Amino acid sequence: MHKRKACIVILVVAMLIVTLLVGCRMYPLTKEKNVSENESNLEVEITNKEADMKVSEHNDTGTNYEVATVRWEDWGEDYHTGYPDAAAEEVAINISWNMILNTDWGDRKAVLLEGGDLPDAFMGSICFSETDILTNIGTFIALDDYIDEYMPNFKRILEYDSTMKALATSADGHIYGLPSKKPCRPTVSNQMFINQTWLDNLGIDMPTTYDEFVNVLRAFKEQDANGNGDPNDEIPYGEGFADSVMFFCVPFGVTPGGNNTYSMTLKDGKVVFIPTSEEYKAGITAMQKCYAEGLIDTEIFIQDDSMRDAKLMNTTPVIGCAPGWTADATFGANADQYVALPALKGPDGKQYISSDPEHWNYSRYEFVVTSTCENPGKLLSWIDKFYTEEASIQNFYGSFGIGVEKDEETGTYIVLEPKEDMSADLYAWVKSLRDFGPKYVVDGFNDKVTYEGENGDAAKLEIDKNMKSYASKAYPNVSYTVEQLEMLGALYSDMESYIGRNQAAWVTEGGIEEEWDRYIDTLNQMGYEDFIKIQIDAYNTYRINK
């Protein structure tokens, strides 16, 4: 009896050694943990064989899961009938999709978090904020142990990419939601666009410095730039689809992020709250001078979205310059008249842009599993398949043959023209998960993608080639503790309102120089020191996680 046990032990050990040796051959280390992220030119592309083996070990056939997701519009069910459902079949599970419209989600979310009938999981960072997750820990399960056993692709990415690790890890050290790094996203998010037709009409060169820019705005105001015979209908600088005050201040060293609620930035590695910075003060001072000259839309602080849109897309263009995502998205039918404004040299001789590559390319909480899920492992084995480049490009544009084709010989991809009568960008939303759901591509992946026809992403990436060199390190997407979130909620609402009132008054009426000290003192009385300490602590925690 003892001899038989000994033989079994020897056999098991031998099998484990063989497995480890094979594993070492299949998955060589791609990168040491301390290597700089900028050196990420190796492919983090694990085959799905290991994940499939894990599923088969634990698999009863046809396990059913309900996955809810929130969508901007009811664009049908094609977003999941391609790659997501095919991947589920590969691991022998069935996904029942529950699509919820964004307009209904607020009420539905409140009911679910108060004890409603929860699905097994939620797909997409649109579903829950960090506050939702961390203040309802009993509703969502920690995924740490499941990742080790069921997610070889994602586990290897955490070892390879320190940003993904930092984004995945909440302030309490656990992983409650899965992050993503999207393909075909630029370094520059929103940026300034200027009317090239107006420049041509007036025989003016593209400005390259802030002073030249102001002279162009004056010319737009004084010389009937749109050529319609009305010298008073031009608005040299208008409100766009991004913070028009912050973007006016960019040449003064103000570098707002793409998606930063708290207006945080980094300067020389230190955490800075933009509305208390000297750069902000200088930018507001300069903007007030332009406002006093009539170069800024007089309704910039009081108009609603419909008023803004009517000006941006007026039959005869009336806006000379405004910030936004692309010319198409900002100016509609007038887009062909607008081009990206170069990164202007500011008073210090340096060129700045608004950049936040982490916020735009990366995201958190793209997949969360609820406490009602009976077998999370199988579900996560399915999601682990999403963390390959083939899955990522399909889940961003549409499955192979629908939104994308792959050249197997070169390993490159081509984004196809829409097969239906709609824009390429809308087609991608209809045919894929698009911005939402787990994804991952290594740095340099965008160079492997070409576009068959006109595409907003392609246009943005083309602009990005010339702009991204001016990008500075942005304040990252940090994680907060529950206590920090509660304090931020109590502090920031009043601070934000106070900052907004002063900003509007200083641009339209002046007085920032005389009132600045009082302004800072008032913010301190509102709890600014506690606010900035939270931001510094959260940033330090992020760096530790990374």
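In this text the structure is predicted, and so the values were computed from the model without any measurement.
- Contact check for L341 versus Q191: no side-chain heavy atoms found under the 4.5 Å cut-off.
- Heavy atoms from other residues, nucleotides or ligands lying under 6.0 Å from NZ of K473 number 12 at most.
- In terms of modelled atom types and a separation under 3.5 Å, the side chain of E366 and the main chain of S125 share a donor-acceptor contact.
- Checking each of K468, M467, M192 against I353 for a side chain to side chain contact (heavy atoms under 4.5 Å, CB included) leaves exactly one that passes, namely M467.
- No side-chain heavy atom of K165 sits less than 4.5 Å from a side-chain heavy atom of P179.
- For N98, the side chain to side chain contact (heavy atoms under 4.5 Å, CB included) partners two or more places apart in sequence, or in a different chain, are E66, A68, I100, R108.
- Side-chain contact check for V441 versus F396: every heavy-atom pair is 4.5 Å or farther apart.
- Not less than 6.0 angstrom separates the ring centroid of W382 from the ring centroid of Y65.
- Contact annotation: the side chain of Y150 approaches that of S381 to within less than 4.5 Å [non-hydrogen atoms, C-beta and beyond].
- Ring geometry for Y539 against Y542 counts as parallel: the plane angle stays under 30°, on a 0 to 90° scale with 60° as the upper cut.
- Side-chain atoms of Y280 and I284, non-hydrogen and from C-beta on, do get closer than 4.5 Å to each other.
- Residues meeting the side chain to side chain contact (heavy atoms under 4.5 Å, CB included) test with T372, sequence neighbours left out: L118, T370.
- Partners of E374 according to the side chain to side chain contact (heavy atoms under 4.5 Å, CB included) rule, which considers only residues two or more places apart in sequence or in another chain, do not exist here.
- Residues passing the side chain to side chain donor-acceptor pair (under 3.5 Å) test with R71: none are found, sequence neighbours excluded.
- Taking 4.5 Å as the limit, some side-chain heavy atom of I532 sits within range of a side-chain heavy atom of M264.
- Closest of all the heavy-atom pairs between E417 and E452 is N-OE1, 2.9 Å.
- Ring to ring, F331 and Y338 are close: their centroids are under 6.0 angstrom apart.
- Residues K267 and S277 fail the side-chain proximity criterion, which asks for heavy atoms closer than 4.5 Å.
- For D117, the CG atom is loosely surrounded, since the number of other residues' heavy atoms within 6.0 Å does not exceed 12.
- Panel note: side chain S399, backbone I402; no donor-acceptor pair is recorded below 3.5 Å.
- For the side chain to side chain donor-acceptor pair (under 3.5 Å) test with Y413, the passing option among Q394, E390, E389, E405 is E389; the others fail.
- Just one residue in the list W429, F386, F128 forms a ring-ring contact (aromatic ring centres under 6.0 Å, His included) with F436, and that residue is W429.
- D305 and R308 are joined by a salt bridge, as a carboxylate oxygen and a charged side-chain nitrogen come within less than 4.0 angstrom of each other.
- Partners of Y237 by ring-ring contact (aromatic ring centres under 6.0 Å, His included), not counting sequence neighbours, listed by chain and number: F248.
- When the side chain to side chain donor-acceptor pair (under 3.5 Å) test is applied to Y519, no partner is found at least two apart in sequence or on another chain.
- Taking 4.5 Å as the limit, some side-chain heavy atom of Y440 sits within range of a side-chain heavy atom of D161.
- Electrostatic pairing of D435 and K182 does not count as a salt bridge here, judged by no charged N lying under 4.0 Å from a carboxylate O.
- Distance check: L167 CG to L158 CG gives 10.5 Å after rounding to the nearest 0.5 Å.
- A salt bridge between D443 and K181 is present, with a side-chain N of the basic residue lying under 4.0 Å from a carboxylate O of the acidic one.
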